[in-house]
Structure formats: C-alpha cells, structure tokens
Amino acid sequence: MSSHDICLLLGATGVGKTLLMKRLQKLSSHGIDKLGEPPSTLPTVGTNLTDLKLKKKKMTLRELGGCMGPIWPSYFKDCSSVIFIVDSSNIAQISSSCIQLLSVLSALPLHSASVLILFNKSDMPCTMSLIEMKSLFRMDDIVASATQPITILELSAHTGLGLQEVLSWLESIIIK
C-alpha cells in the first residue's frame, strides 16, 4: 500500500479521536444499523493504525495521540489527508486547538493534503453551535488563507451523527 492512502487523525487529548476511529471502522464494515453502543476508549499514547475498507479503495487511519503534538510533523510527509478533530464542548481547549490547526495547515508537507475539520461532541448539552465554533476559530480566514481544500463537518462520534459524512469525505478524496 502506498503511503498516499494514509489519513492522519489529529487533535488535542480527549477530543474523541479513538472513538471516531473505532466507529468509522465498524461503520465501514457493518453499516450504520449495526453501529451499536459506543465502545469505551483510553487516551492514546503513541499512535493507532486502523484500516478502512471503502467502496473504491482501502485507507489507513493513523491516529496520533494528543500528547504527541510536538512530534506530529514527523508523520506529515507520509499522508494524503488529515482529519483534525475539535471538541466543541470544551471551550477552554479552543485556542490551543486553533493554534495546532494553524501549524498543521502551514506545514509544507501538507500543503496539498485534503483536510477535514470535525467539530465533535455535538450531542453534548453545553456544545456551541457550528456557527459559533466557526467564528471562534475564524474559520473563514483560515479557509481563505489555506492552500488545502478544507471541509468542515459537525459530528457526534458518540451517537454516530455525521459518521456517514466522514466516510463519504474519505471516499471522495482524490489521491494525487
């Protein structure tokens, strides 16, 4: 498998990367009706690899633990796409997530990667709306100045809301 079929899963600690990965794996192999209850997860130390069988291709998701932020760049050259997850119920984490996102987008090896920004935990009672999140992140500015194609979705990895859209996005990426 070429290194170009790797999608990096990035985001701060506790935003739901592992859960998303497990849910996508189940969805891609069993379908939405078999999703079931969310599995329990532990904080990832190091990296997790998961293969997804999509309709037209296979893709490997490589999740990097949030605590590994400083060494994320050493993985950038080996991927064709990036999913960046933000916990939309954790207001305190927003500014650091935004800084992380900007450093990912400005990294040279990723200048043409497809990027999906996910606002996770949309099922939580204290979550901000997508519009509020976008304005806090100054998403319009970010998208305007980025070299990459950027997609923004709302998600609840817990309830499964938005998972199908994430799979569709993975399907739609054209590997250069």
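What you see below is based on every heavy atom in this structure, not just the backbone, and it leaves out hydrogens, waters and symmetry mates. This one's a predicted model, so the numbers in the text were calculated from it and none came from an experiment.
Using a 4.5 Å heavy-atom cutoff, the side chains of Trp72 and Met68 are in contact. You'll find the side chain of Leu110 reaches within 4.5 Å of the side chain of Cys79, heavy atoms only. When side chains are defined from C-beta on, Thr18 does not count as touching Leu42, because their heavy atoms never get closer than 4.5 Å. With contacts defined as side-chain heavy-atom distances shorter than 4.5 Å, the pair Lys56/Glu171 qualifies. Using a 4.5 Å heavy-atom cutoff, the side chains of Leu101 and Met139 are in contact. Between Arg62 and Asp78, the closest side-chain pair of non-hydrogen atoms is not below 4.5 Å. Side-chain contact between Ile150 and Leu105 is present, with heavy atoms from C-beta onward closer than 4.5 Å. The shortest distance between side-chain heavy atoms of Arg23 and Pro38 falls below 4.5 Å.
Proximity of a side-chain donor or acceptor of Gln93 to a complementary backbone N or O of Thr13 within less than 3.5 Å is detected. At distances below 3.5 Å, at least one donor-acceptor pair connects side-chain atoms of Asn120 with backbone N or O atoms of Ala157. The main-chain N or O of Ala12 is found under 3.5 Å from a side-chain atom of Lys17 such that the two form a donor-acceptor pair. Judged by distance alone, with hydrogens and angles left aside, the side-chain atoms of Thr147 form a donor-acceptor pair with the main-chain N or O of His111 at under 3.5 Å.
Hydrophobic cluster membership is shared by Leu136 and Val143, with clusters built from Ile, Leu, Val, Met, Phe, Trp and Tyr side chains linked at under 4.5 angstrom. Ile83 and Val15 fall within a single hydrophobic cluster, where Ile, Leu, Val, Met, Phe, Trp and Tyr are joined by side-chain heavy atoms under 4.5 Å apart, directly or via other members. Criterion: ILVMFWY side-chain heavy atoms under 4.5 Å apart, direct or through other members. Under it, Leu19 and Leu52 are not part of a common hydrophobic cluster. A single hydrophobic cluster is seen to contain both Leu118 and Leu24, as judged by linkage of ILVMFWY side chains at heavy-atom distances under 4.5 Å, directly or through other members. Residues Leu116 and Leu20 are members of one and the same hydrophobic cluster, defined by side-chain heavy-atom contacts under 4.5 angstrom among Ile, Leu, Val, Met, Phe, Trp and Tyr.
At most 12 heavy atoms of other shown residues, nucleotides or ligands fall within 6.0 angstrom of atom CD1 in Ile131.
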Side chain to side chain contact (heavy atoms under 4.5 Å, CB included) between Met21 and Leu9, intermediate numbers included: CA-CA 8 Å; Met21 194 155 90; Leu9 207 49; 4.0 Å; yes

Evaluation steps, side chain to side chain contact (heavy atoms under 4.5 Å, CB included), between Phe76 and Leu10: CA-CA 11 Å; Phe76 288 171; Leu10 304 173; 4.0 Å; yes

Stepwise side chain to side chain donor-acceptor pair (under 3.5 Å) test for Ser122 and Glu154: CA-CA 7 Å; Ser122 61; Glu154 228 175 346; 5.1 Å; no

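Residue Ser28 is tested with Leu163, Leu167, Leu170 for a side chain to side chain contact (heavy atoms under 4.5 Å, CB included); the sole match is Leu167.
Distance check, rounded to the nearest 0.5 Å: CG of Leu27 to CG of Asp33 gives 9.5 Å.
The closest side-chain donor-acceptor pair between Thr50 and Glu63, if any, does not fall under 3.5 angstrom.
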